[in-house]
Protein chains: 2
Amino acid sequence: MKNSQLYKGSLTTIVMKLLEENGRMYGYEITQKVKEITKGELKITEGALYPALHKLEAEGVLEVEIENVDNRLRKYYKLTEKGTSETVNRLAELEEFIKNMQSIVNPKLT
Amino acid sequence: MKNSQLYKGSLTTIVMKLLEENGRMYGYEITQKVKEITKGELKITEGALYPALHKLEAEGVLEVEIENVDNRLRKYYKLTEKGTSETVNRLAELEEFIKNMQSIVNPKLT
DNA sequence: ATTTTATACATAGAAGTCTTATGTATATAA
DNA sequence: TTATATACATAAGACTTCTATGTATAAAAT
């Protein structure tokens, strides 16, 4: 992703949130969406994304639908039932993480 | 640290911010401080902290003062000049990271 | 006509961070 | 006397991500 180690560990949470939001997406679409949302500040690399998608699929968090569009392969991913409930937990953890980091960075506000 | 991968990559930023705030601290003190600030939610493990401190020292970000207190060794760390300016960058990156993550999690607000 | 860019997938090797487990040592509380 | 708190440290393994590389089609630019 971008500079800074901070994004490490947030990839699966990002993917799961986007799929919750958009129903189903394919890999390349996810990279473009993240670039767009963050105004180019965060770029997800393919070397990180594809193995992550495969792992989430193997864990039963995502399921895949393969389609052929314009003579090109597309693998659409969507959350399974398990994945949907997992996403709730992930987002709660993310909120808690952000809250904790803000407590550290800005101790006066807490 | 705690559950969730999210904290990966945030350790050095946390350490640098705490040292900026408190002047100088020793390892054990840092672990306790973080536990206190986050109300026990974030626990920094020694296996992560000590190697991180050594690395930051090797990079010239931190410098160490060894003292003997109550027959126990203490290694106080503080930011070097380089470390102080590095901390400014790290905190800016953290703010940007949080902003980006919030854009992803809550696209309606942006 | 040919090269570059965009789309779309994939993996292998290396780098880097963190966890778990373990080790040393002193002081205090149970 | 045993457990807990204080205080340091490292080694092995797990895990994630990056860089580099590979395949393939289509469109745009030179």
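Residue numbers start from 1 in every chain, and the chains themselves are labelled A, B, ... in the order their sequence lines are given, proteins ahead of strands. Computed over heavy atoms, backbone and side chain alike; hydrogens, waters and symmetry mates excluded.
- Listed pair A:K55 / D:dC15 fails the phosphate criterion, with no side-chain N or O lying under 4.0 Å from OP1 or OP2.
- Checked against the 6.0 Å centroid threshold, A:Y26 and A:Y77 do not count as a close aromatic pair.
- A:E81 meets the side-chain hydrogen bond (donor to acceptor under 3.5 Å, both in side chains) test with no other residue; sequence neighbours excluded.
- Distance CZ (B:F97) to P (D:dT17): 11 Å, rounded to an integer number of Å.
- Summarising the geometry, the separation between CD on B:E46 and P on D:dA12 is reported as 19 Å, rounded to the nearest angstrom.
- Taking every heavy atom of residues 17-33 of chain A and every atom of DNA chain D, no pair lies under 4.0 Å.
- When all heavy atoms of B:G83 and B:M16 are compared, the pair lying nearest together is O-CE, 3.9 Å.
- Inter-residue side-chain proximity for B:E65 and B:K75 is flagged as unmet; no heavy-atom pair is nearer than 4.5 Å.
- For the OP1/OP2 pair of D:dA9 and a distance below 4.0 Å, the side-chain nitrogens and oxygens of B:K75 include at least one atom meeting the criterion.
- For C:dA10, neither phosphate oxygen OP1 nor OP2 lies less than 4.0 angstrom from any side-chain nitrogen or oxygen of A:Y50.
- A:D70 has its CG atom 12 Å from the P atom of D:dA28, to the nearest Å.
- Each of B:N71 and B:L49 lies near DNA chain C, and the nucleotide nearest B:L49 is the one positioned closer to the 5' end.
- Rounded to an integer number of Å, the gap from A:Q5 CD to C:dA15 C1' is 10 Å.
- Few gaps surround CD on B:E59; more than 12 heavy atoms of other groups in view lie less than 6.0 Å from it.
- For the pair B:R72 and B:H54, nearest-nucleotide mapping onto DNA chain D gives the more 5' position to B:R72.
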